[in-house]
Structure formats: C-alpha cells, structure tokens
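Notes follow the structure.
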Amino acid sequence: MKITIPGCATITVADRRWFVLRMMTTFDLSLRAGTTDLVFADLKALGYDAYVPRRRLDKWNRQKRVMAEWSEPLMPGYLFIVHPRPGKAVDDWSEVRGIKGVLGPLGDSDKPLLIPSKVVEVMMSEEFASTYDETTAGRRVRGETDRQRLEKRFAPGKRFMIDDGPFASFVTEIEEMTHENRVKALVKIFGRLVVVDLEIGQLGEEKPNAA
C-alpha cells in the first residue's frame with residue numbers, strides 16, 4: 001500500500017530503510033521552488049519513497065493586507081528517503097547523487113547513517129498534529145489562542161525591524177499589545193523616542209536586544 005501526501009510524502013508501507021539526504025539550500029526563481037522540494041519531486045518521479053517534514057505558517061500579504069498560509073520544509077536542505085528503491089542495489093547511491101542539488105546521504109561516505117523508522121513515524125505524527133505549524137488553524141488544533149501566541153512573540157522589550165509603512169527600515173521596541181493585530185512601540189526619530197501604533201504585519205525580523 002502506498003500513501004501519498006502531495007508535496008510532502010510518498011510512502012510505501014512495507015520494510016523500509018530510512019536515510020537522510022542532504023541537499024543544497026538554494027531557490028529556483030523560475031520554478032518558484034527550493035531545492036528540497038525539487039529533489040523530492042525528482043525522487044518521486046524515479047519511484048523512491050521520500051518524506052519532507054513541513055511546517056505551515058501565516059505570512060502577511062502586503063498587497064492584500066491579509067494573513068495568508070504558507071508551507072515550507074521544516075529542515076531546508078534535508079529530507080528522508082527510503083533506499084534502495086525496487087530494482088536497485090542496496091549500496092548504489094549513484095542514481096540519487098545524480099539528481100541536481102543532491103549532496104549525498106548523511107553519514108560517512110562509505111556508510112550512510114540508517115535512521116530508525118520510529119524517528120520518521122514520530123515526525124509524521126507530530127506534523128499531522130500541527131506541532132510544527134505557526135498558523136491560526138495549527139494553534140487551534142493545539143488548543144492555543146491567537147492572543148497567547150501574539151503576546152509571547154510581541155512581548156514588551158522585544159525589538160523588531162519595521163518592514164512596511166512610513167517607518168519602514170526603522171528598528172522598534174515593543175511597549176505593549178493593544179488589541180489583536182496592533183502594538184504600541186517605540187521608534188527613535190531625530191534622536192527622540194516616539195510611541196507609534198503599528199499592525200503586527202508591519203513588523204519583520206526580530207532583532208537582538210540592545211546591550
């Protein structure tokens with residue numbers, strides 16, 4: 001029996017020898033896909049069983065000014081593969097190594113590291129339970145509220161780069177959350193700290209606190 005999860009896994013339920021495959025961490029702009037997803041597609045086409053653990057997250061769509069759900073590999077540059085595929089020799093990795101972007105199996109060059117099936121099964125279970133997800137739906141499955149998640153991420157004293165709006169490129173320090181999608185924060189303008197009201201979608205990368 002084969003289980004197929006689009007973009008995530010194609011698994012034959014039988015005796016499986018799992019390995020971790022290492023890849024380059026690049027992104028093909030023409031195909032709008034990273035190496036991990038492209039290698040997964042090539043392995044699937046060749047008949048290999050493979051699994052790419054994924055996480056889902058909410059990202060701010062600046063044009064539409066709404067949160068949109070995004071999916072990406074949990075561990076870019078790595079995926080699980082069952083080797084060999086039917087009809088191939090146990091120690092023959094030439095076909096896999098020949099795929100563009102593949103660096104080879106994790107472990108010694110002459111002895112790839114065999115991964116216990118239980119490890120893969122646990123990761124699958126955790127993914128299906130939304131453990132890795134940072135989405136509204138995932139937090140609902142885990143019993144978390146959006147407010148709890150936002151209060152933790154945007155706690156007083158944390159510093160962020162502003163990505164959007166009139167203060168874009170400024171670094172700001174959180175003072176407090178006002179309501180669900182807004183924060184009061186401090187921005188230094190002409191040498192003075194000014195309190196501004198921002199949407200959380202305007203905040204980008206978290207910055208380390210000043211010493």
Side-chain angles (χ1 to χ4, degrees), residues 1-27 32-41 43-44 48-61 66-83 101-103 105-107 112-158 160 163 174 177 180-181 183 199-201 203-208:
M1 181 175 70
K2 179 169 283 190
I3 300 173
T4 300
I5 306 167
C8 178
T10 172
I11 306 298
T12 300
V13 182
D15 292 334
R16 293 167 288 176
R17 299 173 72 249
W18 287 101
F19 298 87
V20 172
L21 194 62
R22 299 179 300 119
M23 295 151 288
M24 298 177 183
T25 53
T26 55
F27 190 88
R32 299 182 64 81
T35 303
T36 304
D37 289 328
L38 295 175
V39 170
F40 171 81
L43 289 170
K44 183 178 177 182
Y48 284 92
D49 290 349
Y51 169 50
V52 179
R54 304 190 74 86
R55 69 170 187 149
R56 285 82 186 166
L57 59 156
D58 290 332
K59 283 195 173 183
W60 182 252
N61 186 313
V66 296
M67 286 291 186
E69 188 171 306
W70 178 265
S71 170
E72 64 184 20
L74 180 66
M75 304 177 294
Y78 298 90
L79 60 73
F80 293 99
I81 178 176
V82 173
H83 190 276
V102 170
L103 298 176
L106 192 66
L113 181 64
L114 186 64
I115 307 298
S117 296
K118 187 64 178 178
V119 172
V120 182
E121 291 168 6
V122 167
M123 291 200 71
M124 288 181 179
S125 297
E126 293 297 307
E127 179 177 351
F128 297 154
S130 300
T131 301
Y132 310 131
D133 295 352
E134 288 298 328
T135 62
T136 299
R139 288 185 290 275
R140 189 178 298 117
V141 169
R142 298 192 300 267
E144 301 174 8
T145 66
D146 285 346
R147 183 71 187 188
Q148 289 173 329
R149 191 265 307 181
L150 292 174
E151 287 179 345
K152 182 178 179 180
R153 175 160 173 74
F154 300 105
K158 285 194 173 184
F160 292 85
D163 282 350
I174 304 298
M177 281 197 60
E180 189 174 352
N181 289 324
V183 295
E199 295 180 1
I200 61 172
L203 302 178
E205 179 186 0
E206 185 174 350
K207 311 296 287 187

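Shortest non-hydrogen contact noted between D37 and P73 is OD1-CG, 4.0 Å. Smallest separation of non-hydrogen atoms from E127 and V52: OE1-O, 4.2 Å. Contact between V120 and Y51 at its shortest, heavy atoms only, is CG1-CD2, 3.8 Å. Nearest heavy-atom pair, M177 versus V183, reported as atom, atom and distance to 0.1 Å: CG-CG1, 3.8 Å. Nearest heavy atoms, G204 versus R153: O-NH2, 3.8 Å. Annotation for R22 and Y78: closest pair CG-CE2, 3.5 Å, computed over non-hydrogen atoms.
A distance of 4.0 Å separates CZ of R55 from CD of E72, quoted to the nearest 0.5 Å. Expressed to the nearest 0.5 Å, how far OH of Y132 lies from CE of M75 amounts to 8.0 Å. Atom CD1 of I81 is separated from atom CZ of F40 by 10.5 Å, given to the nearest 0.5 angstrom. Here the CZ-CG distance, from R56 to L74, works out to 10.0 Å after rounding to the nearest 0.5 Å. Taking CG from D133 and CG from L57, the interatomic distance works out to 8.5 Å, rounded to the nearest 0.5 Å. Distance CD/E205 to CZ/F160: 10.0 Å, rounded to 0.5 Å.
Although no hydrogens or angles enter the test, the distance criterion places a donor-acceptor pair under 3.5 Å between the side chain of T36 and the main chain of G77.
Taking the side chain as every heavy atom from C-beta outward, V102 and L21 approach each other to under 4.5 Å.
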Checklist entry - Are W18 and E121 close enough, and set up right, to give a side-chain contact (heavy atoms from CB on, under 4.5 Å), and what steps lead you there? => result CA-CA 11 Å; W18 287 101; E121 291 168 6; over 6 Å; no
Next on the checklist: side chain to side chain donor-acceptor pair (under 3.5 Å) for R16 and S117? Distances and angles first, verdict last.
Outcome noted: CA-CA 7 Å; R16 293 167 288 176; S117 296; 5.2 Å; no
Checklist entry - Are V20 and F80 close enough, and set up right, to give a side-chain contact (heavy atoms from CB on, under 4.5 Å), and what steps lead you there? => result CA-CA 5 Å; V20 172; F80 293 99; 3.7 Å; yes
